[in-house]
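Everything numeric in this text was worked out from a predicted model, so none of it was measured. Numbers here are sequence positions counted from 1.
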Amino acid sequence: MNYSNFSKWKWLAACGCTAMLIVFACVVILFRTFQITNVVDETLDYSKCRTVFDQIGNGKLVADRYGKVELPPGLKDASANGYIYVTSVRHSERIVLFPSWLGKGKNVRGVIICSKNLNPGT
């Protein structure tokens with residue numbers, strides 16, 4: 001029996017297993033880096049978000065023609081940048097975006113509060 005071939009295959013199998021473990025470790029690291037770990041954004045003051053939402057509803061805060069609202073100094077904690085964004089689906093329904101993170105370009109993460117439940121396709 002020729003053992004030199006056996007040790008060569010054993011070495012190749014060990015290298016293959018090592019390579020698979022390295023790839024698996026990289027996949028786990030990437031997954032843990034980019035996964036969303038928390039649905040609730042802890043950087044915003046939700047009581048202030050609700051106050052802002054109510055003030056938009058009763059007309060104390062008004063959006064410009066693009067839907068952007070600059071928050072007053074006491075309510076700046078309701079947003080990462082001191083602004084919120086408002087749009088209407090129908091006349092009585094409003095949707096407000098409270099940004100909690102701003103990235104490059106138009107990348108944004110935040111909380112949306114709606115006056116009514118949204119239906120699919122809205």
Undergrad: OG1/T87 to CZ/R94 distance, rounded to the nearest 0.5 angstrom?
TA: 12.0 Å
Undergrad: Heavy-atom distance under 4.5 Å between the side chains of C49 and I113, does that happen here?
TA: yes
Undergrad: Just checking, K68 and Y83: is the charged tip under 6.0 Å from the six-membered ring centre and within 45° of the axis?
TA: yes
Undergrad: Taking the side chain as everything from C-beta on, heavy atoms only, tell me whether V108 gets closer than 4.5 Å to Y85.
TA: no
Undergrad: When you compare the side chain of V62 with that of V69, does any pair of heavy atoms fall below 4.5 Å?
TA: no
Undergrad: What pair of heavy atoms forms the shortest contact from A78 to L44, and how long is it?
TA: O-CD2, 3.7 Å
Undergrad: Can you check whether F98's main-chain N or O pairs, donor with acceptor, with S79's side chain at less than 3.5 Å?
TA: no
Undergrad: To the nearest 0.5 Å, what is the distance between OG (S47) and CG (D77)?
TA: 9.0 Å
Undergrad: Output the distance between atom CG (L61) and atom CG (L75), rounded to the nearest 0.5 Å.
TA: 7.0 Å
Undergrad: Kindly compute the distance separating CG (L97) from SG (C114), expressed to the nearest 0.5 Å.
TA: 10.5 Å
Undergrad: Could you state the interatomic distance from CD1 (I95) to CZ (F53), rounded to the nearest 0.5 Å?
TA: 9.0 Å
Undergrad: OG1/T51 to NZ/K60 distance, rounded to the nearest 0.5 angstrom?
TA: 10.0 Å
Undergrad: Step by step, work out the side chain to side chain contact (heavy atoms under 4.5 Å, CB included) result for I84 and V52.
TA: CA-CA 9 Å; I84 58 165; V52 168; 3.3 Å; yes
Undergrad: So which atom in P99 and which in N81 form the shortest heavy-atom distance, rounded to 0.1 Å?
TA: CG-OD1, 4.1 Å
Undergrad: Answer yes or no: is there a side-chain heavy-atom contact under 4.5 Å between E70 and K76?
TA: yes
